[in-house]
Amino acid sequence: MDVGSEPIPTLDALGVVMEATSRADDALRLAATYLDSSLVDLLRIVGFDKDYVSAEGSYLYDTTGRAYLDFHTGEGFASLGHNHAGVGEVLQSVIGAGLVDGVQIHYSPLAGILAEELSQRLPSGLDAVFFTSTGAEAVDSAMKFARAATRRPRLISCESSFHGVTLGPLSLVGDDFFKEGFGPLVPGCDVVPFGDLGHLEDALRGKDVAAFIVEPIQGRAVTPAPPGYLEGAQEICRHYGTLFVLDEVQTGLGRTGKWFALEHGALEPDFVLIGKALSGGYMPVAAMVTRRQIYDRAVGTLERSYVHQSTFGRNRLSMAAGLATLRVIERDGLVEHAERMGAVLYDGLRDLQARYEIVKDVRGRGLMLGIELQAPSSRLARFSWRLMQTASAGLFPQLIVIPLHRDHGVITMAAGKNDVIKLLPPLTLSEDEAGSFLEALDSVLADCQEDKGKNWAVMREIALGTLSRKSRAS
Ligand code: PLP
């Protein structure tokens with residue numbers, strides 16, 4: 001794709017698109033000045049400071065026209081690939097139709113239809129939907145509804161979990177790193193070890209827990225729930241009258257090779273939380289889905305009917321993007337495709353694991369996969385690994401992530417304070433694209449096999465730079 005010669009769209013009388021296109025190479029300066037300068041610094045350190053100017057399908061394009069294969073998709077929000085033409089057309093025709101929006105006393109049919117279609121794809125009884133703009137807001141809604149419906153104060157989540165960064169969900173996040181400096185958080189929130197039913201039962205025994213919230217596959221380090229854990233947790237929750245909440249913000253809508261990850265087991269949760277992919281890659285939209293009885297117990301009286309609302313929650317463009325997304329997934333068989341392409345990637349990654357000592361584990365489901373790394377056994381490699389750990393936990397995977405991006409134009413992501421590289425390619429991934437990814441990874445791993453290679457030297461430099469910045473700051 002020759003990006004430089006792309007025509008500027010004509011429907012741009014106010015010059016907004018023209019300016020965004022012509023100032024693409026100014027984006028990072030603007031971000032550093034007016035948005036988030038420390039994140040820009042981080043992007044610069046790892047060489048991710050590209051001026052992307054356009055995106056289509058599985059690829060982003062920078063100002064030089066170089067293509068980047070996107071195995072991150074904004075943590076899965078561009079699940080249909082970037083700028084999906086079908087969803088884009090639906091959005092344009094919704095705008096063109098002049099539908100009513102932004103009126104809190106009005107329900108557009110779009111919201112009802114999207115709720116109906118989500119409900120039809122979930123276990124029966126999950127038929128009451130509250131739409132929000134973000135996943136965090138959907139989590140927050142479930143926290144409130146669960147408390148109100150049970151009249152119980154406590155909420156339990158899992159160690160290493162992630163549920164969003166606004167104050168409510170943050171109180172559930174099972175990783176202190178995200179919480180530091182933001183306390184005091186919401187009272188009554190506690191964590192239990194992920195995968196441990198005994199601890200969960202101990203936590204629920206007092207019958208004062210409104211809800212237990214859990215991700216079917218923890219997104220932070222791509223950790224699937226151990227077999228039987230979610231079913232066991234559901235049973236314990238039922239026994240103690242605690243509502244069982246599945247956070248499928250990341251795993252939902254085909255990502256794991258099923259419409260919802262709950263279909264991998266016999267699960268009938270009281271709440272399912274959906275986000276990210278529901279956007280079609282365009283609009284902020286998420287949803288809390290629960291049972292009518294729970295919804296009504298929480299806010300189902302005339303006096304309480306307006307106490308939990310959200311201005312943009314069911315705006316027409318978000319609703320249309322959600323509906324278009326469901327229809328594209330259905331029409332193009334993307335759930336089955338994700339399962340098939342997930343198996344291709346998984347097998348390829350297992351093959352690499354067998355050949356490269358640095359690959360410790362490959363795990364996940366469908367197109368949500370994690371590659372856990374470990375230090376190779378040579379002395380220099382172990383020394384370098386320790387240096388990186390001391391500089392910053394979670395730095396080590398950049399040994400692979402940086403050259404994948406720099407040398408092969410492949411975007412992946414280190415998953416946080418751990419040694420895991422996370423893969424969330426679009427559900428539309430082709431077999432050729434999966435093959436290109438595996439080839440690129442093979443080549444980077446081959447280079448990293450040799451502890452004197454260029455990539456190790458780059459990482460030691462980054463680690464030393466990080467350590468010296470830290471010592472200057474302290
Ligand atoms: N829940 C899970 C499992 C997530 O992965 C995320 C985001 O990464 C959220 C909730 C929060 O979603 P959002 O960033 O849209 O607020």
Side-chain angles (χ1 to χ4, degrees), residues 36 39 72-79 130-146 155-175 177-179 182 185-186 189 191 194 211-225 230 233 244-256 260-262 264 267 269 271-290 310 312-313 315 318 321-322 325 364-370 394 412-418 420 422-424:
D36 190 346
L39 187 55
H72 176 229
T73 57
E75 288 254 351
F77 97 93
S79 244
F130 182 78
F131 286 113
T132 64
S133 305
T134 66
E137 201 190 343
V139 173
D140 211 282
S141 302
M143 294 170 75
K144 287 178 66 182
F145 276 58
L155 298 154
I156 302 290
S157 56
C158 288
E159 287 173 4
S160 302
S161 64
F162 187 81
H163 300 289
V165 297
T166 53
L167 216 49
L170 185 64
S171 310
L172 300 173
V173 167
D175 190 338
F177 170 71
F178 285 96
K179 299 178 174 177
F182 297 121
L185 299 175
V186 173
C189 296
V191 294
F194 184 55
F212 169 59
I213 177 166
V214 62
E215 300 154 88
I217 300 176
Q218 287 195 329
R220 299 275 292 126
V222 193
T223 314
L230 296 172
F244 181 53
V245 184
L246 272 190
D247 183 344
E248 294 238 26
V249 166
Q250 199 158 141
T251 54
L253 303 177
R255 174 57 57 192
T256 71
F260 292 96
L262 60 83
H264 293 292
L267 297 177
F271 288 84
V272 176
L273 310 177
I274 305 166
K276 294 195 187 286
L278 192 59
S279 68
Y282 287 91
M283 296 302 300
V285 56
M288 177 201 82
V289 189
T290 186
S310 178
F312 296 106
N315 77 83
S318 293
T325 299
R365 259 192 151 138
L367 287 174
M368 181 171 181
L369 294 166
T412 56
M413 189 194 176
K417 299 279 173 199
N418 53 51
V420 177
K422 185 166 166 182
L423 309 180
L424 293 170

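Note that ligands are numbered from 1 as they come in the structure, with each ligand's atoms numbered from 1 the same way. We use all heavy atoms of the structure for the numbers below, so side chains are in, but hydrogens, waters and symmetry mates are not. Start at 1 with the first residue, then count along the sequence.
Looking at Gln250 next to ligand 1, an N or O pair under 3.5 Å apart turns up. At least one N or O atom of Lys276, backbone or side chain, sits closer than 3.5 Å to an N or O atom of ligand 1. The N/O atoms of Val249, backbone and side chain alike, include none that comes under 3.5 Å of an N/O atom in ligand 1. Close N/O approach between Asp247 and ligand 1 is found [any backbone or side-chain N/O within under 3.5 Å]. Residue Gly164 has no N or O atom closer than 3.5 Å to an N or O atom of ligand 1.
Between Phe244 and Phe212, the two ring planes are parallel [angle under 30°; tilted spans 30° to 60°].
Across the listed options Gly219, Ala138, Gly135, Ser133, Gly135 owns the non-hydrogen atom lying nearest to atom 12 (O) of ligand 1.
For the pair Met368 and Ile217, the tightest heavy-atom approach, listed with the atom from each and the gap, is CE-O, 3.7 Å.
Under the ring pair (Phe, Tyr, Trp, His ring centres under 6.0 Å) criterion, Phe260 pairs with no residue, sequence neighbours left out.
Listed by number with element, the atoms of ligand 1 under 4.0 angstrom from any heavy atom of Ala136 are 11 (C), 12 (O), 13 (P), 16 (O). If you number the atoms of ligand 1 from 1 as listed, the ones under 4.0 Å from a heavy atom of Thr134 come out as 15 (O), 16 (O).
The residue from Val139, Leu155, Val186 that alone fulfils the side-chain contact (heavy atoms from CB on, under 4.5 Å) condition with Ser171 is Val186.
Counting non-hydrogen atoms of other residues, nucleotides and ligands closer than 6.0 Å to CZ of Phe312 gives a total of 12 or fewer.
With a 4.0 Å cut-off on non-hydrogen atoms, Glu215 touches ligand 1 through its side chain and not its backbone.
Side-chain atoms of Thr325 come within 3.5 Å of backbone N or O of Gly280 as a donor-acceptor pair. A donor-acceptor distance shorter than 3.5 angstrom exists from the side chain of Lys422 to the backbone of Gly219, with no hydrogens or angles considered.
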